[in-house]
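Okay, so here's the structure we're looking at.
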Amino acid sequence: MSDTVRKPIIGGNWKMHKTVTEARSLALQTKHALVNVADRIEVVVCPPFGALGAVGEVLKGSKIFLGGQNCHWEEKGAFTGEISAPMLRDLGCRYCIVGHSERRHKFGEPDEWVCRKAHALHLHGLAPIVCIGETLEERESGTTKDVVRGQILGSLKDVSTEQMLKTVIAYEPVWAIGTGKTATPDEAQEVHAFIRNILIDVYGLEVALRIRIQYGGSVKPESMVELMAQPDIDGALVGGASLEASSFAKIVSFDTGGES
Ligand code: PGA
């Protein structure tokens with residue numbers, strides 16, 4: 001991350017972990033652990049839907065943003081099991097993850113849905129964190145760049161410049177998620193630079209240089225400094241290590257050696 005125009009953004013994706021009581025406690029610990037870092041780094045936590053209200057209450061008065069993990073593109077209706085962008089907004093969310101690889105691969109979400117969700121979020125004043133990334137098979141067959149290009153163009157179709165500036169992209173190689181296998185900083189940077197080049201083609205250099213691209217996949221406190229030293233890595237989307245306030249706080253305060 002070399003460009004000061006881009007404020008680093010670090011997200012905690014709690015996935016389907018934590019009851020309301022547990023989530024409240026983790027939110028409280030996270031808030032205390034991060035009391036001094038939030039000005040130089042943007043922090044978002046994304047608890048499961050059932051805990052959004054409780055976590056939102058705990059985070060009131062802090063600079064940590066709340067985010068959803070998924071949403072539907074319709075505002076309301078007969079969509080059992082879904083939640084809409086205005087509902088997330090009402091719960092105090094500022095961000096929402098869309099197109100996470102678990103949604104894409106375990107629930108069969110295509111780019112077209114991810115795109116509709118991103119538009120719905122923008123319409124209701126939330127910023128999407130759009131996830132993309134190749135599987136191990138795709139990486140080994142040498143198609144990483146084609147996959148990533150297809151996902152970006154398909155997931156961000158007709159997103160305006162103004163909307164794009166609020167959008168965050170998370171590059172998460174599927175083979176690195178929850179596996180303990182992080183992409184090396186060089187491997188990650190290569191794809192991040194490729195993503196930025198696509199953004200330059202579509203939105204022009206000036207805009208592309210302002211768009212934040214997070215890395216995700218087994219991010220740990222130890223890997224953060226090197227990842228963040230890469231010119232096109234602007235933050236992280238953290239799963240497992242965000243479930244402990246102490247490890248998440250170390251990741252967020254990577255630039256001060258873990259001191260917040
Ligand atoms: P992980 O998850 O940090 O546990 O690999 C990252 C993610 O899925 O966003």
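Order of listing sets the numbers, starting from 1, for every ligand and every atom in it.
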Side chains of residues 75-94: which donor-acceptor partners sit under 3.5 Å, not counting sequence neighbours?
{"from": "S84", "atom 1": "OG", "to": "E75", "atom 2": "O", "distance (Å)": "2.9"}
{"from": "S84", "atom 1": "OG", "to": "M87", "atom 2": "N", "distance (Å)": "3.4"}
{"from": "R89", "atom 1": "NH1", "to": "G125", "atom 2": "O", "distance (Å)": "2.7"}

Give me the pairs of N or O atoms, one from ligand 1 and one from the protein, that sit under 3.5 Å apart.
{"from": "ligand 1", "atom 1": "2 (O)", "to": "K15", "atom 2": "NZ", "distance (Å)": "3.3"}
{"from": "ligand 1", "atom 1": "2 (O)", "to": "G239", "atom 2": "N", "distance (Å)": "3.4"}
{"from": "ligand 1", "atom 1": "3 (O)", "to": "S218", "atom 2": "N", "distance (Å)": "3.4"}
{"from": "ligand 1", "atom 1": "3 (O)", "to": "G239", "atom 2": "N", "distance (Å)": "2.8"}
{"from": "ligand 1", "atom 1": "4 (O)", "to": "G240", "atom 2": "N", "distance (Å)": "2.8"}
{"from": "ligand 1", "atom 1": "5 (O)", "to": "G178", "atom 2": "N", "distance (Å)": "2.6"}
{"from": "ligand 1", "atom 1": "5 (O)", "to": "S218", "atom 2": "N", "distance (Å)": "2.7"}
{"from": "ligand 1", "atom 1": "8 (O)", "to": "K15", "atom 2": "NZ", "distance (Å)": "2.7"}
{"from": "ligand 1", "atom 1": "8 (O)", "to": "H100", "atom 2": "NE2", "distance (Å)": "2.6"}
{"from": "ligand 1", "atom 1": "9 (O)", "to": "H100", "atom 2": "NE2", "distance (Å)": "3.3"}
{"from": "ligand 1", "atom 1": "9 (O)", "to": "E172", "atom 2": "OE1", "distance (Å)": "3.3"}
{"from": "ligand 1", "atom 1": "9 (O)", "to": "E172", "atom 2": "OE2", "distance (Å)": "2.6"}

If you measure from CD1 on I152 to NZ on K157, what distance do you get to the nearest 0.5 Å?
15.5 Å

Through direct or indirect side-chain contacts below 4.5 angstrom among Ile, Leu, Val, Met, Phe, Trp and Tyr, which residues connect to I9?
V44, F65, Y95, I97, I129, V168, L237

Point-to-point distance, once rounded to the nearest 0.5 Å, from CH2 of W175 to NZ of K181:
7.0 Å

For L123, what are the other residues in its hydrophobic cluster, where any two members join if their side-chain heavy atoms are less than 4.5 angstrom apart?
none

Just checking, any donor-acceptor pair under 3.5 angstrom between side chains of D111 and Q151?
no

